[in-house]
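A, B, ... follow the sequence lines: proteins, then strands. Residue 1 opens every chain.
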Protein chains: 2
Amino acid sequence: MLEAAERLHYVPSALAQRFARRKSGNLGVILPLVPKVRLFSTYYFSEILSGVGEEAGRHGYDLLLMFRKPDEKREYAMLFRTQKVDALIVLGSRDEPDERQALAELWRDGYPFCLVNQRFDEEPFPAVDADHESGSFQVVRHLAGQGCRRIAFVNGPLVYSNSADRLAGYRRALEASGLPFDPKRIYAGNYSRKSGLELAASIADAMRRGEVDGIFAGNDRMAIGIMQGLREFGLEAGADYALAGCDDSEGARMTDPQLTTLSVPFDRMGKLAARRLLAADETTWDTPILKLPVELIVRASTERFGSSSTTD
Amino acid sequence: MLEAAERLHYVPSALAQRFARRKSGNLGVILPLVPKVRLFSTYYFSEILSGVGEEAGRHGYDLLLMFRKPDEKREYAMLFRTQKVDALIVLGSRDEPDERQALAELWRDGYPFCLVNQRFDEEPFPAVDADHESGSFQVVRHLAGQGCRRIAFVNGPLVYSNSADRLAGYRRALEASGLPFDPKRIYAGNYSRKSGLELAASIADAMRRGEVDGIFAGNDRMAIGIMQGLREFGLEAGADYALAGCDDSEGARMTDPQLTTLSVPFDRMGKLAARRLLAADETTWDTPILKLPVELIVRASTERFGSSSTTD
DNA sequence: GTGAAAGCGCTAACAC
DNA sequence: GTGTTAGCGCTTTCAC
């Protein structure tokens with residue numbers, strides 16, 4: 001009777017449901033907010049977020065987005081204590097004392113969380129990562145295959161595990177190619193285009209001295225900055241030197257020559273992280289750290305180089 | 001007494017608080033999800049989202065992110081009825097029957113919401129927009145000032161009010177410059193780089209026939225596609241023709257030549273939309289539609305053009 | 001199975 | 001002011 005009247009317009013209050021069930025129904029996502037200074041590619045986060053959102057939706061969860069201010073102390077566990085989230089995905093995490101401690105607290109108290117594209121090797125923190133080590137290996141091997149003998153590596157900050165991973169892959173690839181490893185050929189950027197641009201001067205010097213003939217940059221943005229910077233010195237990617245980036249972001253197809261890069265399955269990483277946290281049956285919890293493969297995308301910035309130079 | 005014991009570890013449950021207060025404490029944000037086909041610049045949304053997030057945080061609100069699948073019906077009002085959100089920001093809205101209806105329902109039932117970068121002129125829907133009309137006017141005037149006499153306009157779909165706005169600004173600027181308006185010089189893209197790339201062939205034709213010597217594209221991505229496509233035909237932006245985009249996205253500084261474009265204050269737009277919805281005292285509710293100014297950013301893609309060609 | 005009742009952990013309204 | 005109590009609108013349990 002009342003049912004009939006109700007059925008017409010009745011909508012249960014999610015607020016009351018969640019309260020009664022003592023479940024927020026929210027999957028929290030932490031994003032680093034770097035206002036006005038875009039160290040991170042928005043591409044990277046958009047992709048991950050799409051994956052997370054899709055999977056969260058499939059499981060009936062809503063996405064609660066939290067921006068982490070650079071200075072602000074990380075009270076990740078508080079999100080669980082206040083019951084704002086049932087599970088948490090942390091993006092753009094860095095290996096720093098504050099961060100480790102906040103994550104350790106989550107782990108100690110048994111709150112379900114997952115890192116994406118970042119690992120803490122000595123810690124048991126669950127993570128979905130990409131195989132940046134083998135990706136870097138591939139790309140540096142490719143550079144060597146194109147005739148490069150002195151391959152420089154422009155890395156980002158080592159607080160990101162993927163920076164260390166790429167460095168390892170770079171070294172291993174040099175070895176496998178019978179090329180010497182020289183710390184002089186490692187340049188420190190910060191993943192911004194600007195940092196690539198600024199490093200160009202000293203890279204150009206090195207190239208002039210014959211000490212660099214190929215460059216692998218830790219992301220596309222730095223690679224693009226390098227390409228632009230070296231152009232100022234009359235040096236063209238794909239002709240005077242080979243250049244590769246990482247991420248296969250939109251920018252990689254916007255430059256001329258287009259950029260050889262590594263395609264990282266960010267959306268799938270986000271999806272997997274969410275599934276790990278939200279799926280009851282599906283078992284991905286056996287290994288704490290999941291690594292997805294990365295794919296080499298060859299474009300013109302490394303293409304024609306091989307034909308001209310093997311001038312050691 | 002108990003207080004002492006409590007004070008040490010007690011954390012109130014946001015879930016219970018919100019239930020008791022009958023307020024979700026959430027500001028909903030609707031994002032269009034276009035999986036694998038990135039019609040929208042992620043730049044655009046990241047900027048708005050940052051602004052929204054910052055302001056929401058200042059007011060103690062959390063961000064609830066909802067991806068709108070392309071097909072799925074829009075049940076915006078349901079978000080309020082289920083008490084999932086206290087206010088709603090809608091991004092990437094399009095002027096289509098479904099969308100209008102969903103928004104009209106919000107309006108009819110008095111739910112607080114706000115559109116960003118989209119208007120519905122005949123409807124009373126609150127919105128924070130940018131002045132794309134005057135922005136386009138500026139950029140087309142600039143092109144004319146650089147010596148262009150036959151300025152083409154590559155527009156996006158008219159379901160977005162900003163597309164219509166740019167068209168209006170384009171026409172007005174032609175008039176003000178004493179240049180004829182010719183519908184033949186209007187090209188229909190879809191805001192993707194690919195669409196710009198594909199339009200390049202017919203634009204190149206028109207340029208060969210002397211019917212186009214400058215191009216204004218509705219966003220940077222299309223402009224970049226056009227630049228790349230025309231290069232295939234041996235035509236260089238900033239030398240053979242002038243080219244301008246819109247958004248001042250990261251890509252605009254990645255091309256060579258760098259792209260003249262319009263800087264749109266996306267983050268401030270997001271911030272204002274949030275403030276409008278969340279601030280009690282601060283009064284921005286007098287005008288239903290707020291328009292923020294847009295700024296012309298001159299770069300090399302339109303720079304050197306003026307010196308060479310005034311060959312009508 | 002169907003229906004009544006006791007919470008969930010707060011807020012707010014009311015007494016004192 | 002401080003302390004008490006009645007909800008908030010569901011879920012879940014327990015009796016029928």
Quick test of your reading: applying salt bridge (charged side-chain N to carboxylate O under 4.0 Å, His left out), list the pairs with at least one residue in [range], sequence neighbours left out, ordered by first then second residue.
| range | answer |
| --- | --- |
| residues 102-117 of chain A | Arg81(A)-Glu105(A), Arg81(A)-Asp109(A) |
| residues 12-24 of chain B | Arg18(B)-Asp62(B) |
| residues 110-122 of chain A | Arg100(A)-Glu122(A), Arg119(A)-Asp121(A), Arg119(A)-Asp129(A), Arg119(A)-Asp165(A) |

Item checked: Whether Phe80(A) and Tyr111(A) hold their rings parallel, tilted or perpendicular, with breakpoints at 30° and 60° ->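 Parallel, since the angle between the ring planes stays under 30°.
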
Notebook entry, point to check: So Tyr44(A) and Phe266(A), would you call those rings parallel, tilted or perpendicular, with 30° and 60° as cut-offs?
Noted result: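 The arrangement is tilted - the two ring planes meet at 30° to 60°.
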
Item checked: Terminal axes of the helix from dG1(C)-dC16(D) to dC16(C)-dG1(D) (five pairs each): angle between them, nearest 10 degrees ->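 End axes: 50° apart.
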
Item checked: Electrostatic pair Arg221(A):Glu250(B) at N-O distance under 4.0 angstrom ->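 Counted as a salt bridge, because a side-chain N and a carboxylate O are separated by less than 4.0 Å.
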
Notebook entry, point to check: Looking at residues at least two apart in the chain, or sitting in another chain, which of them share a ring pair (Phe, Tyr, Trp, His ring centres under 6.0 Å) with Phe67(A)?
Noted result: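 Checked Phe67(A) against ring pair (Phe, Tyr, Trp, His ring centres under 6.0 Å); zero matches.
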
Check: Looking at DNA chain C, which of residues 14-23 of chain B put a heavy atom within less than 4.0 Å of it?
Finding: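 Contacts with DNA chain C under 4.0 Å: Ala16(B), Gln17(B), Phe19(B), Ala20(B), Arg21(B).
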
